[in-house]
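Some notes on the structure that comes next.
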Amino acid sequence: NTSLCASGKLTDDISYMFAGANLEVDDTSGPAPYSGVLMVYNYFTYTGIANTSISAGKVGVDTPLTVVYDPATATSEANGLSLTSKLGAVNLSAAYFANTNFNYGDTVGIFPGTAITGGESYAHAGLNTKIGSVSVDALYATMEDRYKTYTIGASAGIDAGSVKITPSARYTAADVDGSNSDQSLWKAGVKLQAGIVGANLEYGQTNKQGGWVTFDSDASANLKGWKVSLLGNKDSKLIKAGINADVMPKLNLSANYTNMERATNDVNEVYATATYKITKGLTAYVRMAQVDDDNNTEKETVGRANILWLF
């Protein structure tokens, strides 16, 4: 792989961006080739219409149903056209993609019905706005022969003296081809920040048909800890609590607990993370976890060490 980043204006209204590391050639009929360790964006943008931006090429797909950047698994990337426009206080977005790399989000083909290949077309339309201190968003998306889904979310930022409170809620529902059932997942939570100390508490549920509302467990429409995820578990409830502190200017320590009650049995995990910001673009973390799943006779201990360099 070769690393490269290039951008610039070709005319007053047209610009070009390339960023990432990839030696593969895009296939117009199959999946959008996965970029490996780094994302690959390769697109032109037209801004000749007031308050509007139109991009064509390979872009990152940034929605509650996708993961616009994930160095550990897969960045959601797609080939096609995307549009964003501002109408008063409302931001509008729409896109159509001929192919994607979403099969990398569905890493083991666990999405119900027919497994995602990446060769399916994908389209979405959404909006977001702010009403007072509350941010609201809504999105509808469809993937060819796979699913149709919508999600609605809201969040707010409240300053209470020296404490910042951030409540949020989201509801997502999907009609998955081949599953003959309507899937839904809702979640609500609150984050607190007081000086160097932060805390969070979240709760979510799926319906009796299932919780398959998207293909990637790292998407914000899902609720998960580290190894325990609500996505795809029918008639389940998950609660997550965590605390973190900036013990040094460059060092953050955190501890989290996740418990999920499934239809037939339970699973919980405890994990701790130490994150060190080495330089502006270089970050490292170490994480250890213990997972206790009723389906297994013994507890599982897992760990990860990660260094991320953004440039």
Side-chain angles (χ1 to χ4, degrees), residues 37-39 62 64 67-73 75 130 133-135 137 153-170 185-205 216-231 236-261 266-293 299-311:
V37 176
L38 296 178
M39 60 189 178
D62 186 9
V67 183
V68 71
Y69 181 65
D70 186 347
T73 54
T75 298
K130 198 165 186 179
S133 62
V134 180
S135 298
D137 68 84
S155 63
I158 303 169
D159 291 320
S162 60
V163 180
K164 184 175 182 179
I165 306 170
T166 309
S168 62
R170 180 167 299 279
L185 186 158
W186 71 266
K187 64 176 186 174
V190 61
K191 293 181 180 179
L192 305 175
Q193 187 69 42
I196 65 170
V197 179
N200 63 281
L201 179 65
E202 297 176 272
Y203 177 82
Q205 283 186 263
D216 197 322
S217 65
D218 290 317
S220 62
N222 184 30
L223 178 59
K224 63 174 294 188
W226 184 26
K227 298 297 183 180
V228 178
S229 170
L230 195 55
L231 185 69
S236 298
K237 305 171 184 178
L238 186 149
I239 188 168
K240 176 184 176 183
I243 188 169
N244 70 86
D246 294 321
V247 295
M248 295 173 59
K250 293 186 177 183
L251 178 63
N252 179 273
L253 301 180
S254 65
N256 290 271
Y257 172 77
T258 308
N259 183 76
M260 182 166 63
E261 297 179 10
D266 300 344
V267 57
N268 65 73
E269 69 177 359
V270 179
Y271 62 96
T273 307
T275 304
Y276 185 69
K277 189 172 183 179
I278 302 168
T279 64
K280 182 179 179 180
L282 186 61
T283 303
Y285 74 80
V286 177
R287 178 176 294 164
M288 293 295 297
Q290 186 174 76
V291 182
D292 186 4
D293 191 332
K299 295 180 180 179
E300 180 186 11
T301 300
V302 292
R304 173 185 291 171
N306 180 277
I307 298 177
L308 176 63
W309 183 26
L310 295 176
F311 58 93

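- Residues that satisfy the side-chain hydrogen bond (donor to acceptor under 3.5 Å, both in side chains) test with N268, not counting sequence neighbours, are absent from this structure.
- Residues S217 and S229 share a closest heavy-atom pair of CB-OG, 3.9 Å.
- The 12-atom threshold is exceeded at CD1 of I158, counting heavy atoms of other residues, nucleotides or ligands nearer than 6.0 Å.
- Contacts of T279 classified as side-chain contact (heavy atoms from CB on, under 4.5 Å), with partners at least two apart in sequence or in another chain: L282.
- Residues Y271 and G225 come closest through the heavy atom pair OH-C, 3.6 Å.
- Using modelled atom types, no side-chain atom of E300 and backbone atom of V302 make a donor-acceptor pair closer than 3.5 Å.
- Closest of all the heavy-atom pairs between R170 and A221 is CD-CA, 3.9 Å.
- Rounded to the nearest 0.5 angstrom, D137 CG and S155 OG are separated by 7.5 Å.
- Nearest heavy-atom pair across T275 and T273 is OG1-CG2, 3.6 Å.
- Among residues two or more places apart in sequence or in another chain, the salt bridge (charged side-chain N to carboxylate O under 4.0 Å, His left out) test is passed with R287 by none.
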Enumerate donor-acceptor pairs with a distance under 3.5 Å from any side-chain N or O in residues 240-253 to protein atoms, sequence neighbours excluded.
unit_1 : atom_1 : unit_2 : atom_2 : d
K240   : NZ     : K224   : O      : 3.2
N244   : OD1    : N252   : ND2    : 3.3
D246   : OD1    : N252   : ND2    : 2.8
K250   : NZ     : I278   : O      : 3.4
N252   : ND2    : A245   : O      : 3.3

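- When all heavy atoms are compared, the tightest approach of A156 to V134 is CB-CG2, 4.1 Å.
- Legend: residues meeting ring-ring contact (aromatic ring centres under 6.0 Å, His included) with Y203, ordered by chain and number and at least two apart, are W186.
- Among residues two or more places apart in sequence or in another chain, the side-chain hydrogen bond (donor to acceptor under 3.5 Å, both in side chains) test is passed with T258 by E269.
- To the nearest 0.5 angstrom, I165 atom CD1 is 12.0 Å from Q193 atom CD.
- Going from atom CG of L185 over to atom CG of L231 covers 7.0 Å, rounded to the nearest 0.5 Å.
- For V270, the side-chain contact (heavy atoms from CB on, under 4.5 Å) partners at least two apart in sequence or on another chain are Y257.
- The OH atom of Y285 sits 4.0 Å away from atom CZ of R304, with the distance rounded to the nearest 0.5 Å.
- Under 4.0 Å is where a charged nitrogen must lie from a carboxylate oxygen, and between K299 and D293 no such pair does.
- Remark: S254 engages no residue in a side-chain hydrogen bond (donor to acceptor under 3.5 Å, both in side chains) (not counting sequence neighbours).
- K187 pairs in a side chain to side chain contact (heavy atoms under 4.5 Å, CB included) with only one of the listed residues (L230, L223, N222, L238), which is L223.
- Other residues, nucleotides and ligands place no more than 12 heavy atoms under 6.0 Å from the NZ atom of K237.
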Test M288 against T301 for side chain to side chain contact (heavy atoms under 4.5 Å, CB included), laying out the working first.
CA-CA 7 Å; M288 293 295 297; T301 300; 4.0 Å; yes

